[in-house]
*Asks:* 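Handing you a structure now.
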Amino acid sequence: MPTNELRSPAPSMTIPTTAGADAGPDTGTPARLPWPALLALSTAGFITLMTEALPAGVLPAMSADLGVSQSGAGQSVTLYAVGSIVAAIPLTAATAGWPRKRLLLLAVGGFTVANAVTAFSGDYLLTMAARFAAGLVAGLLWALLAGYARGIVAPEQRGRAMAVAMSGATVALSIGVPAGTLLAGAAGWRVAFGLMSVLALALVGWIAAAVPPAPGQDEGDRLPLRRVLRIPGVAAVLAVTAAFVLAHNILYTYVAALIEPLGLGGRTDTVLLVLGLTSLVSIAVTGALIDRHLRTLTLIACLLVAAAALTVAAALLGSASWPVYAAAAVWGLGFGGVATLLQTAVADAADTAADLAQSLLVTCWNLGIAAAAGAGGLLLDHAGTASLPWSALALLALALAVTAASRRHGFPARR
């Protein structure tokens, strides 16, 4: 995994790279990014998010085929998330010494098998087991991707490399899931999962050919979990992650309920498309600026999503629907690069313990998603739709305050 940019990496964590092969120290020419390797990592993120989110778009057909209710089929999403939460920390710790490339190949191979089982299984319990296994693999893969991307480039390019590697998840949400849902509608949901399995199998070959090998971490360099949490800055980044993800998902999970009072109940797909497209813009901007302005970008992200929540809250007080589209655009600009910003921040803070710190962040992220579903449902039932954006605003204010206060560690003013 990556090391703090202000210190030299531990020898055991150095990943062989050709990132600087095209630019010698005498030329002053920036080294070129290893695009084939980074795009392979990005595709791994794409497959991970697609595997997680695709059931949401095919629940009616999936439930009918498996002979269960839609809520029963919906547990395929829940079990995936539970698998990620359960696996991220212990599996990352247990495999810390494994060669990184071998571990990456095993993780992507796991998606090949899990999606193939999902595509062909006619048994509900077997399908749910495959979904849980896919979640286990996802928890490990998310903790692995960030460090790999940062480790195969020059130190001054780590932020850009992270943005490229994490862009696959944004593409999956904005384009992949809608496209997968359309494919499932035309050819069947099993075809969509089968295609995901074929893509994962092809990615195994791509990784084998294009991604450089990387050693695991020496036993003497590994830190126990409690010591990782005490590293200055790590807890701050995790706190911002929890607050931000909870705020985002309170809005995202119940977006249909939020816009229905404004007469947009049938336009949820359009609103989410606007959010997804501006998220892609956010990824591009983040990649260009993160290596110099991580703190500023994180503060702006909190402010933009807060502005979107405030706009929705104001729209609910009136009757105009157009502000919702403006809010979705601003929301996407704030949210698109956040995963890259937070993973970079925690990797910088944790230094040689970045693997385990990333697994903590992955766990916080998934817990935030799960908690948002429960908390948002309670708010919706007992306090009404208008309570959702105000609750999100309170959480974003907390994230903004912690980011602003973490000037020395976590989100330092100078990197």
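A quick note: this is a predicted structure, and the numbers were derived from the prediction, not measured. If you read the sequence from its start, that first residue is 1, and numbering goes on from there.
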*Asks:* Between CG of Leu258 and CG of Leu316, what distance do you get to the nearest 0.5 Å?
*Replies:* 6.5 Å
*Asks:* side-chain hydrogen bond (donor to acceptor under 3.5 Å, both in side chains) between Ser42 and Ser167: does it pass, once the steps are laid out?
*Replies:* CA-CA 6 Å; Ser42 178; Ser167 66; 3.2 Å; yes
*Asks:* I'd like to check Gln343 versus Val237 (side-chain heavy atoms, cut-off strictly below 4.5 Å). Are they in contact?
*Replies:* no
*Asks:* Given side chains that start at C-beta, do those of Thr118 and Trp189 come closer than 4.5 Å, heavy atoms only?
*Replies:* yes
*Asks:* For Gly337 and Ser282, work out which heavy atoms get closest and say how close.
*Replies:* N-OG, 3.0 Å
*Asks:* Under a 3.5 Å distance rule, please check whether Asn366 uses its side chain to pair with a backbone N or O of Ser84 as donor and acceptor.
*Replies:* no
*Asks:* Looking at Asp348 and Arg158, is any side-chain nitrogen of the basic one under 4.0 Å from a carboxylate oxygen of the acidic one?
*Replies:*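 A salt bridge is absent here (no side-chain N lies under 4.0 Å from a carboxylate O).
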*Asks:* Taking the side chain as every heavy atom from C-beta outward, state whether Pro55 and Arg131 have any atom pair closer than 4.5 Å.
*Replies:*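 Yes; the side chains approach each other to less than 4.5 Å.
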*Asks:* In this structure, are over 12 heavy atoms from other groups packed under 6.0 Å from Gln75 atom CD?
*Replies:* yes
*Asks:* Could you check whether any side-chain heavy atom of Trp206 comes within less than 4.5 Å of a side-chain heavy atom of Leu39, counting everything from C-beta outward?
*Replies:*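 In short, these two side chains touch, coming nearer than 4.5 Å.
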*Asks:* Is the Phe335 ring parallel, tilted or perpendicular to the His248 ring (thresholds 30°, 60°)?
*Replies:*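 Plane angle under 30°, so parallel.
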*Asks:* Quick one, Met62 with Gln70, criterion side chain to side chain contact (heavy atoms under 4.5 Å, CB included). Give me CA distance, side-chain angles, the key distance, then yes/no.
*Replies:* CA-CA 8 Å; Met62 193 176 184; Gln70 287 196 43; over 6 Å; no
*Asks:* How long is the span from the OG1 atom in Thr363 to the CD atom in Gln358, to the nearest 0.5 Å?
*Replies:* 11.0 Å
*Asks:* Taking Ala53's backbone N and O only, do any of them form a donor-acceptor pair with Tyr80's side chain (distance below 3.5 Å, no angle check)?
*Replies:* no
*Asks:* Could you walk me through whether Leu272 and Tyr252 pass the side chain to side chain contact (heavy atoms under 4.5 Å, CB included) test, one step at a time?
*Replies:* CA-CA 9 Å; Leu272 292 181; Tyr252 191 88; 3.8 Å; yes
*Asks:* Main chain of Gly72, side chain of Tyr124: is a donor-acceptor contact present, judged purely on distance under 3.5 Å?
*Replies:*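 Flag set: sc Tyr124 to bb Gly72 pair under 3.5 Å.
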*Asks:* Could you tell me whether a side-chain N or O of Thr278 sits under 3.5 Å from a main-chain N or O of Val274, the two making a donor and an acceptor?
*Replies:*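 Checked: pair present.
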*Asks:* Looking only at heavy atoms, what is the nearest atom pair of Val137 and Ala107, with distance?
*Replies:*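 It is CG1-O, 2.9 Å.
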*Asks:* Looking at Leu238 and Leu360, what are the two nearest heavy atoms and their distance?
*Replies:*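 Closest approach of Leu238 to Leu360: CD2-C, 3.9 Å.
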*Asks:* Do the side chain of Lys101 and the main chain of Val211 share a donor and acceptor less than 3.5 angstrom apart?
*Replies:*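 Flag set: sc Lys101 to bb Val211 pair under 3.5 Å.
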*Asks:* So Leu199 and Phe46, do their side chains get closer than 4.5 Å, heavy atoms only?
*Replies:*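 A side-chain contact exists here, since the closest heavy-atom pair is under 4.5 Å.
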*Asks:* Might you work through the side chain to side chain contact (heavy atoms under 4.5 Å, CB included) test for Val240 and Phe411, ending with a clear yes or no?
*Replies:* CA-CA 10 Å; Val240 172; Phe411 302 94; 3.7 Å; yes
*Asks:* So do Leu38 and Ile152 actually touch side chain to side chain, heavy atoms under 4.5 Å?
*Replies:* yes
*Asks:* If you measure from CG on Leu145 to CZ on Arg150, what distance do you get to the nearest 0.5 Å?
*Replies:* 13.5 Å
*Asks:* Heavy atoms only: give me the nearest Leu140-Thr95 pair and the separation to one decimal.
*Replies:* CD1-OG1, 3.7 Å
*Asks:* Enter the distance from Phe244:CZ to Cys302:SG here, rounded to the nearest 0.5 Å.
*Replies:*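 Result: 5.5 Å between the selected atoms.
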*Asks:* Quick one, Leu367 and Leu246 - any side-chain contact, counting heavy atoms below 4.5 Å?
*Replies:* no
*Asks:* With no hydrogens and no angle check, just 3.5 Å: does a side-chain donor-acceptor pair link Thr340 and Thr286?
*Replies:* no
*Asks:* Does Ala214 offer a backbone N or O that forms a donor-acceptor pair with the side chain of Arg100 under 3.5 Å?
*Replies:*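 No.
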*Asks:* Taking C-beta and beyond as the side chain, do Leu378 and Asp381 meet within less than 4.5 Å on heavy atoms?
*Replies:*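 Leu378 does not reach Asp381 side chain to side chain.
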*Asks:* Any chance you could lay out the side chain to side chain contact (heavy atoms under 4.5 Å, CB included) test for Leu342 and Trp365, step after step, and finish with the verdict?
*Replies:* CA-CA 10 Å; Leu342 295 173; Trp365 193 285; 4.1 Å; yes
*Asks:* Hydrogens and angles aside, do Ser121 and Thr127 bring a side-chain donor and acceptor to less than 3.5 Å of each other?
*Replies:*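 Yes, side-chain donor-acceptor contact under 3.5 Å.
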*Asks:* Between the main-chain N or O of Leu356 and the side-chain N or O of Ser359, is there a donor-acceptor pair closer than 3.5 Å?
*Replies:* yes
*Asks:* With rounding to the nearest 0.5 angstrom, report the OG1 to CE distance, Thr78 to Met128.
*Replies:* 9.5 Å
*Asks:* To the nearest 0.5 Å, what is the distance between OG1 (Thr92) and CG (Leu144)?
*Replies:*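 The CG atom of Leu144 is 8.0 Å from OG1 of Thr92, to the nearest 0.5 Å.
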*Asks:* Donor-acceptor pair, distance only, cut-off 3.5 Å: does the side chain of Ser76 make one with the backbone of Ala73?
*Replies:* yes
*Asks:* Determine the minimum heavy-atom distance between Asn249 and Ala372, stating which atoms define it.
*Replies:* CB-CB, 3.4 Å
*Asks:* Return yes if some donor-acceptor pair links the side-chain N/O of Tyr254 with the main-chain N/O of Gly377 below 3.5 Å, else return no.
*Replies:*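 Judged by distance alone, yes, a pair lies under 3.5 Å.
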*Asks:* Quick check: closest heavy atoms across Ala208 and Leu105, and the distance to 0.1 Å?
*Replies:* N-CD2, 4.1 Å
